[in-house]
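All remarks here apply to the structure that follows.
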Amino acid sequence: MKIIMLGAPGAGKGTQAKMIAEKFGVPHISTGDIFRANIKEGTELGIEAKKYMDQGLLVPDELTVKILLDRVAKEDCAGGYVLDGFPRTIPQAEVLDAALDKLNEKIDYAVNVDVPDENIVKRMSGRRACLKCGATFHIEHIPPKQEGICDSCGGELVLRDDDKQETVQNRLKVYHDQTQPLIDYYAKKGVLKSVDGTVEMQKVFQSISDIIK
Ligand code: AP5
Ligand code: MG
């Protein structure tokens, strides 16, 4: 089962991807989480990616594509995966399709988590993310049991650097310009499924579960 999560920044791609990955026993692959892990470790990739991420811009395709293709070639991806935050541009989608074509494989579902811009800004300021396992919480909607500590792994919860209000506005603009065209791209391939992402997260997951069988 190969699934792509589409949606604006903060739409709940990561939240849902985690649940889908657990349900189907496949890895959850977030390019954003991979970059953040590299930033934390101070790798060359992390230093380069941070320049773009802090401004709400996309990390260039040359850096992103290779990382993703290497990751999906790993053994744990043999039974499929949930991609969260990739592809984010038409060229990225084309590279992924070309790689899958060679293996005679294809994307089964592109799940678009639909949330209007107005809701996004509110969500981002309340989000807290685990630096260790990537789990996300929300100080009002999905609070952790203990403030500042991840329920899943005990890691430290932080406000992401790119969740500042002006950066969020930039990320939304970049999303509309560069990522939203992927909705049409996958609709034309007949794999697009849209769900209402404004309702409570368990309800969003129920809608997704009804689609992915
Ligand atoms: P990335 O980490 O992918 O960030 P993003 O797309 O901006 O999306 P987010 O992670 O912010 O949101 P999400 O949709 O996962 O929502 P979440 O579940 O956390 O990318 C970061 C940066 O890395 C990019 O800006 C770019 O620079 C770079 N990058 C990454 N991939 C790239 C690529 N392929 N190419 C180029 N550059 C790339 O939920 C948000 C909040 O809402 C949480 O607090 C959550 O608890 C809460 N919430 C979730 N669902 C609900 C609900 N139903 N109701 C109420 N609250 C909810
Ligand atoms: Mg995310």
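Only this structure's heavy atoms are used, side chains among them; waters, hydrogens and symmetry mates stay out. Atoms within a ligand are numbered from 1 in the order they appear, just like the ligands themselves.
A donor-acceptor pair is defined here as one N or O able to donate and one able to accept, closer than 3.5 Å; no such pair exists between the side chain of Thr43 and the backbone of Ile39. At least one donor-acceptor pair closer than 3.5 Å links the side chain of Thr179 to the backbone N or O of Arg88.
Leu83 is not listed as a side-chain neighbour of Met5, based on a closest heavy-atom distance of 4.5 Å or more. Using a 4.5 Å heavy-atom threshold, the side chains of Val168 and Pro9 count as separate. Side chains of Arg160 and Met124 form no contact here, defined as non-hydrogen atoms less than 4.5 Å apart. Between Val82 and Phe24 the shortest side-chain heavy-atom distance does not fall below 4.5 Å. With a 4.5 Å cut-off on side-chain heavy atoms, Cys77 and Ile29 count as touching. Side-chain contact check for Phe86 versus Ile4: every heavy-atom pair is 4.5 Å or farther apart. A 4.5 Å side-chain heavy-atom check between Pro116 and Thr198 finds at least one atom pair inside the cut-off. Between Glu156 and Lys132, the closest side-chain pair of non-hydrogen atoms is not below 4.5 Å.
Residue Arg160 holds the heavy atom nearest to atom 4 (O) of ligand 1 of all those in Lys13, Lys203, Met201, Arg160. The residue from Glu200, Gln92, Arg123, Arg128 that puts a heavy atom closest to atom 50 (N) of ligand 1 is Arg123. Relative to atom 36 (C) of ligand 1, the option among Ile39, Ile67, Val59 with the closest non-hydrogen atom is Val59. When Asp163, Leu68, Ile120, Leu57 are checked for heavy-atom proximity to atom 25 (O) of ligand 1, Leu57 turns out nearest. Of the listed residues (Ile142, Leu63, Asp61, Thr179), the one carrying the non-hydrogen atom nearest atom 47 (C) of ligand 1 is Ile142.
Checking only distances, Gly126 never comes within under 3.5 Å of ligand 1, N or O to N or O. For the pair Thr31 and ligand 1, the shortest N or O to N or O distance falls below 3.5 Å. When only interatomic distances are considered, the shortest N/O to N/O separation between Ala11 and ligand 1 falls below 3.5 Å. For a threshold of 3.5 Å applied to N or O pairs, the pair formed by Arg171 and ligand 1 contains at least one separation below that value. For a threshold of 3.5 Å applied to N or O pairs, the pair formed by Gly14 and ligand 1 contains at least one separation below that value. For ligand 1, the polar-atom distance check against Asp84 finds no nitrogen or oxygen pair separated by under 3.5 Å.
Contact atoms of ligand 1 toward Thr136: 18 (O), 19 (O) (distance under 4.0 Å to a heavy atom of the residue). Residue contact check: Thr64 has heavy atoms under 4.0 Å from atoms 33 (C), 34 (N), 35 (N), 36 (C) of ligand 1. Residue contact check: Phe137 has heavy atoms under 4.0 Å from atoms 43 (C), 44 (O), 46 (O) of ligand 1. Of all atoms in ligand 1, numbered sequentially from 1 with element shown, those under 4.0 Å from a heavy atom of His138 are 44 (O), 46 (O). In the vicinity of Pro9, heavy-atom distances shorter than 4.0 Å reach the ligand 1 atoms 5 (P), 6 (O), 7 (O), 8 (O), 12 (O). Short contacts between ligand 1 and Ala8, defined as distances under 4.0 Å to a heavy atom of the residue, involve ligand atoms 14 (O). The contact set between ligand 1 and Gly197, taken as ligand atoms under 4.0 Å from a residue heavy atom, comprises 53 (N). Those atoms of ligand 1 with a heavy atom of Met124 less than 4.0 angstrom away are 11 (O).
Note on residues 173-213: no pairs pass ring pair (Phe, Tyr, Trp, His ring centres under 6.0 Å), not counting sequence neighbours.
Among all non-hydrogen protein atoms, the one lying nearest atom 12 (O) of ligand 1 is Gly10 N, 2.7 Å. The nearest heavy-atom contact from the protein to atom 9 (P) of ligand 1 is Arg127 NH1, 3.2 Å. The nearest heavy-atom contact from the protein to atom 16 (O) of ligand 1 is Gly12 N, 3.1 Å. Nearest protein heavy-atom contact of atom 23 (O) of ligand 1 is Met53 CE, 3.4 Å. Closest protein heavy atom to atom 49 (C) of ligand 1: Thr15 OG1, 3.4 Å. Summary of contacts: the protein heavy atom closest to atom 3 (O) of ligand 1 is Arg88 NH1, 3.1 Å.
Screening Asp84, Asp114, Leu192, Val111 for a side-chain contact (heavy atoms from CB on, under 4.5 Å) with Leu6, the sole residue that qualifies is Leu192.
Contacts between Arg36 and ligand 1 below 4.0 angstrom, taking non-hydrogen atoms only, involve the side chain exclusively. Of all the heavy atoms of Ser30, none lies under 4.0 Å from any atom of ligand 1, so neither backbone nor side chain is involved.
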Legend entry - Stepwise salt bridge (charged side-chain N to carboxylate O under 4.0 Å, His left out) check, Asp163 with Arg127: CA-CA 8 Å; Asp163 278 350; Arg127 170 166 59 186; 2.9 Å; yes

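A salt bridge links Lys106 to Asp108: one of the charged nitrogens lies within less than 4.0 Å of a carboxylate oxygen. A salt bridge links Arg71 to Asp76: one of the charged nitrogens lies within less than 4.0 Å of a carboxylate oxygen. Taking a cutoff of 4.0 Å between a charged side-chain nitrogen and a carboxylate oxygen, Lys189 and Asp97 qualify as a salt bridge.
Judged by the shortest distance from any of its heavy atoms, Val199 lies inside the 4.0 Å radius around the atoms of ligand 1.
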